[in-house]
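Everything on this sheet refers to the single structure shown next.
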Amino acid sequence: MTTFTGKINRIVFENDQDLYKILDVTIIGKLEKYDRDEIKVTGNFGDVQVGATYSFSGRLIVHNKFGLQFRSDNYKLALPHEKGSLISYLSSSKFPGIGKKAASAIISDLGMDALTILKEKPEKVATLSLTKKQKDSLLNGISLMDSYSETVLKLAQFGLNKKVAGRLYQLYHGNTLAKLEEDPYASIAEVTGYAFKSADRIGSKLGISSADPKRVNGAIFQILLDEVAKEGNTYIKLEQLLTEASKLLQVEQFDVIADCVNNLQHQGKVVVMGKNAALQEIYETETDIANAMKNLVEKSHKSSKYSEKELNRAIAQAEAKLKITYDETQKAAIKNALTNPISILTGGPGTGKTTIINGILLALRDLAKIPASSLYSTDPPFLLAAPTGRAAKRMEEITGITAKTIHRLLGLGIGENDATDLNELNGEILIIDEMSMVDMFLFKQLVYSINETKHIVFVGDKDQLPSVGAGNVFADLIKSQAFPTTVLKQIHRQGDDSSIITLAHDINMGKNVQELFQKTSNYSFISCPPHEVAHVVSQIVERALAKGFNPDDVQVLGAMYQGDGGVNNLNDVIQEIMNPTKPNSKVLEVHDEIFRIGDRILQLQNNPEKDIYNGQIGKILAIDNENSQKCMVADFDDREITFSKKDLFDLTRAYAITIHKAQGSEFPLVILSLTMQNYVMLKRNLLYTAVTRAEKNLVLIGDPRAYEMALTTSGNDRKTGLTSKLQATLKVEPKETKKQIPAKSDQDVISNSEEISPEKKNYILTPELIYSGQIDPMIGMQDVKLVTRAG
Ligand SMILES: Nc1ncnc2c1ncn2[C@@H]1O[C@H](COP(=O)(O)OP(=O)(O)OP(=O)(O)O)[C@@H](O)[C@H]1O
């Protein structure tokens with residue numbers, strides 16, 4: 001074994017999974033049997049810093065292609081030996097609260113070996129003239145010096161990637177390994193990306209038995225979390241929970257599983273209500289929303305009360321300004337907005353939602369006597385927001401009033417802000433557009449931030465796909481019947497794009513399937529098998545470009561990433577047409593994708609720091625492969641955003657995008673691909689959302705059966721409990737509508753009577769009750785029948 005000290009110049013290669021790295025290192029001092037100054041060091045490294053000095057232990061090896069290298073088995077951060085470096089190190093972000101002055105004081109008290117001394121004898125910290133906070137920071141920093149790297153490396157052996165290991169470390173610090181050894185399953189509920197399978201690898205190494213309650217609890221959490229994250233449901237049927245847990249655990253002792261559900265319920269982590277179960281946190285989020293909505297309604301005595309006469313006059317003025325005449329429903333919507341603390345506006349494309357927003361704002365300016373100057377003040381009376389940057393921009397363009405993303409409006413995720421430090425929303429009115437995209441977590445933060453806003457208007461299209469995140473907030477608000485709601489049905493948009501709108505409305509009603517296959521001046525259908533989709537799409541794109549379409553106006557949509565007609569495949573093909581390879585042009589290769597300058601790209605996650613959001617589309621302006629911190633610059637809505645190599649994982653090419661990612665955006669020409677490979681996703685709201693993305697032209701490509709299936713299969717069947725909680729909290733007696741009759745429409749499922757009831761009764765699920773010796777063919781579980789009772 002040889003040891004040498006060296007400074008890392010560059011990480012040449014890094015595998016995120018097993019943490020194997022190739023480092024470019026400058027040798028400090030001497031490395032035996034090696035006479036050059038620099039060497040490539042290979043090995044598995046938890047976390048290393050470029051520019052830092054390490055001592056590496058291992059041996060020289062001869063690589064058959066690259067020659068002499070150092071294979072490192074062990075490495076350690078070399079502590080600074082020189083006073084200036086030690087001061088810089090001690091005053092770095094590793095020791096928050098310690099500045100240069102305190103660093104000098106530490107060195108003058110303990111000498112250049114201060115760090116080693118404190119590591120071996122932490123009690124020596126008492127002798128230093130530092131504040132308690134500084135002392136804690138010093139000891140904490142020292143305890144973390146090696147442990148992060150060691151932890152990440154150790155967890156990689158269990159197949160955990162650096163991201164997940166990092167998250168675990170952030171939570172448990174130096175105790176990470178001890179925590180996981182104590183109960184590897186407990187962290188499933190706490191750390192995103194740390195799933196049952198990872199926990200099970202550690203669990204089996206530790207010899208945890210298959211029916212051990214720790215393991216069973218882990219499986220229960222995993223299933224409840226998946227239900228929220230993958231399906232968007234806020235609860236699950238108890239039967240399903242037990243069956244799936246049994247499958248995941250490969251354990252057939254249902255009584256043991258039920259016992260664990262019971263215990264989790266006693267611990268306040270899971271709620272069992274009737275025949276359903278939910279994560280306590282999710283259940284409470286719904287309860288919190290319902291309570292916050294109640295508070296907002298109760299503040300209503302403060303909202304302005306305008307007389308019918310005043311309202312009519314203000315609406316007439318708005319009509320004159322906009323040179324239109326509102327129909328009766330539209331007028332009712334404006335009045336609803338101006339006379340209620342909370343109101344809702346829903347309608348399909350071209351029904352006048354934006355025109356009504358304009359009317360509301362104009363009328364309110366008049367009624368509340370708002371001077372134009374205040375509209376653009378730092379504390380404006382009109383707050384407009386939408387979940388995506390594009391939708392906010394569109395709102396701003398149409399109303400002429402500043403509109404922000406909801407994240408920006410609340411100051412969410414920006415700087416140090418957390419949920420307890422959000423902006424307070426005041427003012428005459430708050431209007432949120434594209435409400436169908438708002439999930440339960442964002443909605444909770446929104447309603448918690450509203451303070452003195454007199455009127456709140458939620459605008460959207462309830463028939464679109466529900467939010468990517470959990471819940472079905474907009475549909476639930478409407479369904480609760482707790483807020484005055486205007487449903488716009490009359491299509492007002494006329495002109496050359498109206499046939500797409502008519503088609504969209506027909507799809508929404510599940511009727512006139514043959515309309516899909518007609519050829520009109522705005523849309524057409526091309527039937528082809530899955531393996532020909534890419535070819536047909538590329539032909540249509542080429543034809544559109546030849547006809548003079550701006551490439552940025554052509555958007556291809558698919559249901560999924562994988563498959564012949566999938567987005568990945570289509571992106572490869574269209575990129576070659578729209579932005580073909582040029583000799584010597586710079587490219588970036590990330591996770592099987594190649595990015596080139598000029599490529600259209602899609603942001604896949606919300607990034608409030610950069611002010612770019614999930615679903616936002618940009619264009620690559622520059623690429624610098626050598627600079628991992630600033631390897632790409634892209635234009636997003638006229639702003640130049642810089643990306644590091646790490647950030648690239650949140651990007652993909654955007655010539656083709658999924659229908660889900662296209663929510664909230666519209667494009668002049670949409671080319672849609674659907675085949676039977678998308679079988680599981682073929683629902684009405686998916687097709688409806690896709691078709692309504694087209695502003696002027698639409699080409700439908702693929703299997704007619706897939707389109708027909710989508711049109712005839714109702715969607716939006718999320719299981720959520722918000723509706724009933726709102727009804728209970730706001731004491732709404734829902735009017736009997738045909739929705740209560742069990743039927744196969746979208747709406748019925750949302751209001752089905754098996755929602756978790758709003759009154760939290762304490763149902764206790766006991767093994768004796770569950771295990772009653774009957775067969776339930778529904779779930780294929782032998783000898784088990786589920787029963788719950790009030791405890
Ligand atoms: N009462 C009306 N009289 C005349 N034109 C109207 C009326 N209401 C709306 N329009 C027109 O219909 C078109 C569609 O309206 P608007 O853009 O407000 O609908 P929308 O529901 O916001 O649709 P989308 O979401 O598709 O943009 C616009 O051109 C608008 O000017």
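One-based numbering, in listed order, for ligands and for the atoms of each. Note that these values count all heavy atoms, side chains included, but never hydrogens, waters or copies made by symmetry.
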Check: At a 4.0 Å threshold, what atoms of ligand 1 neighbour a non-hydrogen atom of G348?
Finding: 21 (O)
Note to self: Looking at K335 and E308, is any side-chain nitrogen of the basic one under 4.0 Å from a carboxylate oxygen of the acidic one?
What the structure shows: yes
Notebook entry, point to check: Looking only at heavy atoms, is any part of R394 under 4.0 Å from ligand 1, and if so is it the side chain, the backbone, or both, or is it neither?
Noted result: side chain
Note to self: I need the atoms of ligand 1 closer than 4.0 Å to a non-hydrogen atom of T325, numbered in the order shown.
What the structure shows: 1 (N), 2 (C), 3 (N)
Check: So which of E319, K353, Q330 gets nearest to atom 20 (P) of ligand 1, if we judge by its closest heavy atom?
Finding: K353
Check: Is the closest side-chain donor-acceptor distance between N451 and N426 under 3.5 Å?
Finding: yes
Notebook entry, point to check: Just one of D637, D552, D599, D638 clears the salt bridge (Lys or Arg N to Asp or Glu O under 4.0 Å) bar with K619, so which one?
Noted result: D552
Check: Listed by chain and number, what are the side-chain contact (heavy atoms from CB on, under 4.5 Å) partners of S307, not counting sequence neighbours?
Finding: K309, E310
Check: Do ligand 1 and I324 have nitrogen or oxygen atoms that lie under 3.5 Å from each other?
Finding: no
Note to self: Counting the benzene-type ring for Trp, do F525 and Y707 have ring centres under 6.0 Å apart?
What the structure shows: yes
Check: Purely on distance, is any nitrogen or oxygen of I356 under 3.5 Å from one on ligand 1?
Finding: no
Checklist line | Enumerated ligand 1 atoms positioned under 4.0 Å from heavy atoms of Y326 | finding: 1 (N)
Check: Atoms of ligand 1 less than 4.0 Å from P349 heavy atoms?
Finding: 23 (O), 26 (O)
Checklist line | Sole candidate of E695, R693, R600 that passes side chain to side chain donor-acceptor pair (under 3.5 Å) when paired with Q555 | finding: R600
Margin query: Does the residue G347 have a heavy-atom contact with ligand 1, meaning some pair of atoms that are separated by less than 4.0 Å?
Written below: no
Item checked: Cation-pi, Y448 ring and K444 (6.0 angstrom, 45 degrees) -> yes
Next item on the list: Going by heavy-atom distance to atom 15 (O) of ligand 1, choose the closest among D327, T355, T351.
Entry: T355
